[in-house]
Amino acid sequence: MPELRRVPVNGIELNVALAGSGPAVLLLHGFPHTWELWTDVMAGLSDRHRVIAPDLRGFGASSRAATGYDAGTLAGDAAALLAALGVESAAVVGIDAGTPPAFLLAMRHPGLVRRLVVMESLLGRLPGGESFLAGGPPWWFGFHAVPGLAETVLEGHESAYVDWFLQSGTLGDGISPALRDAFTAAYTGREALRCAFSYYRALPESAAQIAEAVAAARLTVPAMAVGAHPVGTALERQLRPIADDLTGHVIEGCGHIIPLHRPKELLALLRPFLR
């Protein structure tokens, strides 16, 4: 089992899972996940790497911060976490809500990020995601974005709501009961929901930060974009014009929650790329 540690960063505390030794790999989860999203990936990488998997700000056992859910602040949290752990260089892997802060961390601190892997998300309004958004953004984006609405409606019904995402994100295969219960517990209660939906409410600010970063510089660190269902190649298409060194992959027959649905296939891509 990974070691769990509370690490003070940027005026909050992050709950962080740590395993292994060697070159550092930072793993950033999305919604509705915690660090436990990476359980199989951590086991598969910790023989060669020091693996660092925090609960992001407001999620899991990390501080329920009042503000700071934009990608730039989250990237700052990640940089501060690495500094607190004495890490001078790390590969960074992000999925879903963890992708924009992983990207901004690489853009703002190219000397800190050795390699970048991003999965199953779009980066703001960068060109390339038009086909994915042709029918409009996913329905829950608008629902989550209205201040105070989703947490009011969903309080008391968290289990059914979280389970919908876990089922759809694994194409109906589902996940282990223990992990399902852990994710449900992490998103139960009005304050936990408020923090989760704050990520969606900060999306316009995050998009502006991404646009500003791309206008000022290119992505110079070696990067890999991994898609599945439903994002597919959209993220790769966004990155292709702005990245100096980009590899793209799509894992077939895989749902959105790649680390849980197809961990072996993901590790087969991560191990050689991170090495």
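- When atom types are taken as modelled, the side chain of R5 and the backbone of A17 share no donor-acceptor pair closer than 3.5 angstrom.
- Residue E191 places its CD atom among more than 12 non-hydrogen atoms of other residues, nucleotides or ligands, all under 6.0 Å distant.
- When all heavy atoms of S206 and A71 are compared, the closest pair comes out as OG-N, 2.8 Å.
- Distance alone, capped at 3.5 Å, is enough to place a donor-acceptor pair between the E130 side chain and the G128 backbone.
- Criterion: ILVMFWY side-chain heavy atoms under 4.5 Å apart, direct or through other members. Under it, V250 and I95 are not part of a common hydrophobic cluster.
- Without hydrogens or angle criteria, E120 side chain to A228 main chain gives a donor-acceptor distance under 3.5 Å.
- Among all heavy-atom pairs drawn from R64 and A192, the shortest one is NH2-CB, 3.7 Å.
- No donor-acceptor pair under 3.5 Å is formed between the side chain of S63 and the backbone N or O of A65.
- Here the shortest heavy-atom pairing between A91 and L274 reads CB-CD2, 3.6 Å.
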- Task: Give the intermediate values and the outcome of side-chain contact (heavy atoms from CB on, under 4.5 Å) for residues D55 and L14.
- Result: CA-CA 6 Å; D55 286 338; L14 295 181; over 6 Å; no

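- V25 is connected to L85 through a chain of hydrophobic side-chain contacts under 4.5 Å among Ile, Leu, Val, Met, Phe, Trp and Tyr, so both are in one cluster.
- With values rounded to the nearest 0.5 angstrom, R50 atom CZ is found 6.0 Å from L18 atom CG.
- In this structure, H229 places its NE2 atom where only 12 or fewer heavy-atom neighbours from other residues, nucleotides or ligands lie under 6.0 Å away.
- Side-chain contact between Y199 and L56 is present, with heavy atoms from C-beta onward closer than 4.5 Å.
- Side chain of Y187 to backbone of H33: a donor-acceptor contact under 3.5 angstrom is found.
- A side-chain N or O of D70 and one of T73 form a donor-acceptor pair less than 3.5 Å apart.
- The shortest side-chain heavy-atom distance between V16 and L4 does not fall under the 4.5 Å cut-off.
- Here F165 and H256 keep their ring centres 6.0 angstrom or further from each other.
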- Task: Apply side-chain contact (heavy atoms from CB on, under 4.5 Å) to F31 and H144, showing your working.
- Result: CA-CA 12 Å; F31 170 85; H144 293 175; 3.7 Å; yes

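- In this structure, H49 contributes its side chain and P23 its backbone to a donor-acceptor pair below 3.5 Å.
- In terms of heavy atoms, L26 sits closest to A78 at CD2-CB, 3.8 Å.
- The shortest heavy-atom contact between N10 and A80 is OD1-CB, 3.9 Å.
- To the nearest 0.5 Å, atoms CE (M119) and CD1 (I258) are separated by 5.5 Å.
- Cluster annotation: L171 is not connected to W164 through the hydrophobic network of ILVMFWY side chains, with a link wherever side-chain heavy atoms come within less than 4.5 Å.
- Put simply, the side chain of L28 does not reach to within 4.5 Å of the side chain of V93, judged on heavy atoms.
- Note: F143 and F197 have tilted aromatic rings, judged against thresholds of 30 and 60 degrees for the angle between ring planes.
- Relative orientation of the H29 and F59 rings is tilted, given thresholds of 30° and 60° on the angle between their planes.
- How far CG of L270 is from NE2 of H249: 9.5 Å, rounded to the nearest 0.5 Å.
- Of the N and O atoms on the side chains of R6 and S62, not one donor lies less than 3.5 Å from an acceptor on the other residue.
- The shortest side-chain heavy-atom distance between L82 and I52 falls under the 4.5 Å cut-off.
- Electrostatic pairing of E155 and R190 counts as a salt bridge here, judged by a charged N lying under 4.0 Å from a carboxylate O.
- Using a 4.5 Å cut-off on side-chain heavy atoms (C-beta onward), F103 and V214 make contact.
- The pair R201-E151 counts as a salt bridge, with a side-chain nitrogen and a carboxylate oxygen less than 4.0 angstrom apart.
- Between T39 atom OG1 and L27 atom CG the span is 10.5 Å, to the nearest 0.5 Å.
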- Item | Chi angles and distances behind the side-chain contact (heavy atoms from CB on, under 4.5 Å) call for Q209, R108 | CA-CA 11 Å; Q209 293 166 345; R108 294 177 175 181; 4.1 Å; yes

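- The backbone N or O of G94 lies less than 3.5 Å from a partner atom in the side chain of T99, making a donor-acceptor pair.
- Taking every heavy atom of both residues into account, L235 and L122 meet most closely at N-CD2, 4.3 Å.
- Formation of a donor-acceptor pair under 3.5 Å by the R57 side chain with backbone atoms of T67 is found in this model.
- Within a 6.0 Å sphere centred on CD of E3, heavy atoms belonging to other residues, nucleotides or ligands number more than 12.
- The closest donor-acceptor contact from the side chain of R271 to the backbone of L266 lies at 3.5 Å or more, if one exists at all.
- Placement of V7 and M1 in two distinct hydrophobic clusters is found when ILVMFWY residues are connected by side-chain heavy-atom separations under 4.5 Å, directly or transitively.
- Annotation: side chain of D244 is not in contact with side chain of L219 (no heavy-atom distance under 4.5 Å).
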- Full working for side-chain contact (heavy atoms from CB on, under 4.5 Å) between L269 and I251: CA-CA 10 Å; L269 297 175; I251 301 178; 4.1 Å; yes

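- Between T184 and D163, the closest side-chain pair of non-hydrogen atoms is not below 4.5 Å.
- Taking a 6.0 Å sphere around CZ of R114, one finds it holds more than 12 heavy atoms contributed by other residues, nucleotides or ligands.
- We find the CG-CE distance between L123 and M107 to be 10.0 Å, quoted to the nearest 0.5 Å.
- Judged by distance alone, with hydrogens and angles left aside, the side-chain atoms of R262 form no donor-acceptor pair with the main-chain N or O of C254 at under 3.5 Å.
- Here E36 contributes atom CD and M42 contributes atom CE; the two are 10.5 Å apart, rounded to the nearest 0.5 Å.
- When side chains are defined from C-beta on, W35 does not count as touching P54, because their heavy atoms never get closer than 4.5 Å.
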